[in-house]
Number of protein chains: 2
Amino acid sequence: MKDDESGKRTKNGQASRGSRAEARRATEEAILKAAERVFAEAGFGGATMQLIADVAGLPKANLHYYFETKESLYRRVVERIFNIWLEAADVFDEASGPAEGIGAYIDAKMEISRNHPNGSKVWASEVMHGAPVIQDYLETTLRDWTEGRAVIIRRWIAEGKMAEVDPHHLLYMLWATTQHYADFSHQIETLNGGAPLSDAQWEEAKSCVKSIVLRGIGVS
Amino acid sequence: MKDDESGKRTKNGQASRGSRAEARRATEEAILKAAERVFAEAGFGGATMQLIADVAGLPKANLHYYFETKESLYRRVVERIFNIWLEAADVFDEASGPAEGIGAYIDAKMEISRNHPNGSKVWASEVMHGAPVIQDYLETTLRDWTEGRAVIIRRWIAEGKMAEVDPHHLLYMLWATTQHYADFSHQIETLNGGAPLSDAQWEEAKSCVKSIVLRGIGVS
DNA sequence: GTCTATATCCAGATAGAC
DNA sequence: GTCTATCTGGATATAGAC
């Protein structure tokens, strides 16, 4: 509930308590939250500053006071989901083997797909359009992260702990399967009779993905 | 090479041979091809009729002569990739078991990801934004198709030909893993040192996805 | 059927009072 | 820091000559 700070705001969007700095952070947070949703639902080109302002409950001009341009606001939204994913990957490193490490990684990514579907969609949209804004992240942080995880996977293979599979393609499969539940949530919901997945269905999704992938790499 | 009809056109976009009807089809095809690329690269909101016209080598006004609105042009683009996927699914039905059926389906979907990456991206974008234009397809054709395939999968399970997995989640995994190579091609390319996957790498991707999934469902 | 020129609208961004 | 009013560019779509 860390980011449920909208309750601290009046309907005019002014923070009602705390220091100036806190008020500023709270307003920024409200804008980022609204922007994540609008960018996810409409795409960068389809999103309008007016709509983001409406969702955040602020006049449009205030957005430009907090974020110089539409693009700088967008970039901050993309950075957020990326950092959330990076943190979730810690479980990968601390594991003693693939069953634990990859299983926990799938769990963590599925939880994020459930709790931050909009962030995931914004990321997907950004990458699909050629990563015009965060190409630098792909070439530095993401590439380093990927190579580091590939080393771990190759060690597990060498130690006979899992089948011999290409580490990159395995990682792509983990990203694809977990993020699909966020990025294509609307399609899944439609095929689920128009209703979002229930708690039980999410648990089933998690265990189904884990069981197929883990058995698929010779762990189980 | 069916759609390589741009060679029949002069630089002014006029068809140089054949009947009026043929000329019309050729121009329509050129517009659809350009539109698919531009919508994929910029999203619906970011795409402009001017840019599509430039890519197609036509004046902007001609697009409105062939397609009444930007949205109707977009809808046609989305319908195309959907129909391509539907045709590819025939291999699923004709198979005698999961090893053959699901293996062939993965092969077919991977080929489409390679040959129609832009169509796949347009579809993904459309679904991510809540399917404002093709929701009817999701609720009719796609739902029917999915339920039909689920019946086949359940039969294979009942016959002891594969492990007991939820058919829907298995289908989501097939879609996610195969389409990832189209939708996230830019990310994959970046992680591949900036180069697109080679022929050999595509073969490796296909066999890697197949081996993990098939082993994951207890086949092979 | 094809093109140039244009009408109309709406977006991002800013000025300036409070 | 917040808000109203406005500037300016660029988008969809159309009119009308050829």
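For clarity, every value in this text was computed on a predicted model and none was experimentally measured. Chain naming here is simple, since letters A, B, ... match the order of the sequence lines and numbering starts at 1 in each.
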(message) For Ala61(B), give me all partners under side-chain contact (heavy atoms from CB on, under 4.5 Å), at least two apart in sequence or on another chain.
(response) none
(request) Check each residue of residues 40-49 of chain B for a non-hydrogen atom within less than 4.0 Å of any atom in DNA chain D, then write out the ones that pass by number, or none. (result) Ala47(B), Thr48(B), Met49(B)
(message) What's the closest nucleotide to the side chain of His64(B) if the choices are dT2(C), dT2(D), dT12(D)?
(response) dT12(D)
(request) Only pairs at least two apart or in different chains count here, so list each salt bridge (charged side-chain N to carboxylate O under 4.0 Å, His left out) that has a residue in residues 39-49 of chain A. (result) Arg37(A)-Glu41(A)
(request) Determine the minimum heavy-atom distance between Asn118(A) and Glu36(A), stating which atoms define it. (result) CB-CG, 3.7 Å
(request) Report the relative orientation of the aromatic rings in His169(B) and Tyr172(B); use parallel for angles under 30°, tilted for 30 to 60°, perpendicular for over 60°. (result) perpendicular
(request) Take Tyr65(A) and Lys60(A), find for each the nucleotide of DNA chain D with the closest heavy atom, and name the residue whose nucleotide sits nearer the 5' end. (result) Tyr65(A)
Can you name the atoms? Protein N/O to nucleotides 16-18 of chain D N/O, anything below 3.5 Å, with the distance.
none

(request) Return the nearest nucleotide to the side chain of Tyr66(B); candidates are dT2(D), dG1(C), dC3(C). (result) dG1(C)
(request) Check the angle between the aromatic planes of Phe82(B) and Tyr137(B) and answer parallel, tilted or perpendicular using the 30° and 60° thresholds. (result) perpendicular
(request) Would you mind telling me which of dT2(C), dC3(C), dA13(C) lies closest to the side-chain atoms of Lys70(A)? (result) dA13(C)
(request) Determine which pairs satisfy salt bridge (charged side-chain N to carboxylate O under 4.0 Å, His left out) with at least one residue from residues 105-115 of chain A, sequence neighbours left out, and list them in order. (result) Asp107(A)-Lys210(A), Glu111(A)-Lys206(A), Arg114(A)-Asp199(A)
(message) If I take atom CG in residue Leu58(B) and atom P in nucleotide dT4(C), what distance separates them, rounded to the nearest angstrom?
(response) 11 Å
(request) Specify the separation, in whole Å, of atom CD of Glu71(A) and atom P of dA13(C). (result) 9 Å
(request) May I ask you to decide if the ring planes of Tyr74(A) and Phe39(A) are parallel, tilted or perpendicular, using 30° and 60° as cut-offs? (result) perpendicular
(request) Would you mind listing every salt bridge (charged side-chain N to carboxylate O under 4.0 Å, His left out) that reaches into residues 119-137 of chain A, with sequence neighbours excluded? (result) Arg75(A)-Asp136(A)
(message) I want to check one thing: is the phosphate of dG1(D), taken as OP1 and OP2, less than 4.0 Å away from some side-chain N or O of Asn62(A)?
(response) no
(message) Just the rounded figure in Å: distance from C1' of dG1(D) to CD of Glu28(A).
(response) 13 Å
(message) If I take atom CD in residue Gln50(B) and atom C1' in nucleotide dC3(C), what distance separates them, rounded to the nearest angstrom?
(response) 13 Å
(message) Please determine whether a side-chain nitrogen of the Lys or Arg among Arg149(B) and Asp93(B) lies less than 4.0 Å from a carboxylate oxygen of the Asp or Glu.
(response) yes
(request) Nearest-nucleotide wise, let me know which of Glu68(A) and Ala61(B) is further upstream toward the 5' end of DNA chain C. (result) Ala61(B)
(message) Among dG1(D), dT4(D), dG1(C), which nucleotide has an atom closest to any side-chain atom of Arg24(A)?
(response) dG1(D)
(request) Can you tell me the distance, in whole Å, between the CG atom of Leu63(B) and the C1' atom of dT4(C)? (result) 16 Å
(message) Could you tell me how far apart Phe67(B) (CZ) and dT12(D) (P) are, to the nearest whole angstrom?
(response) 15 Å
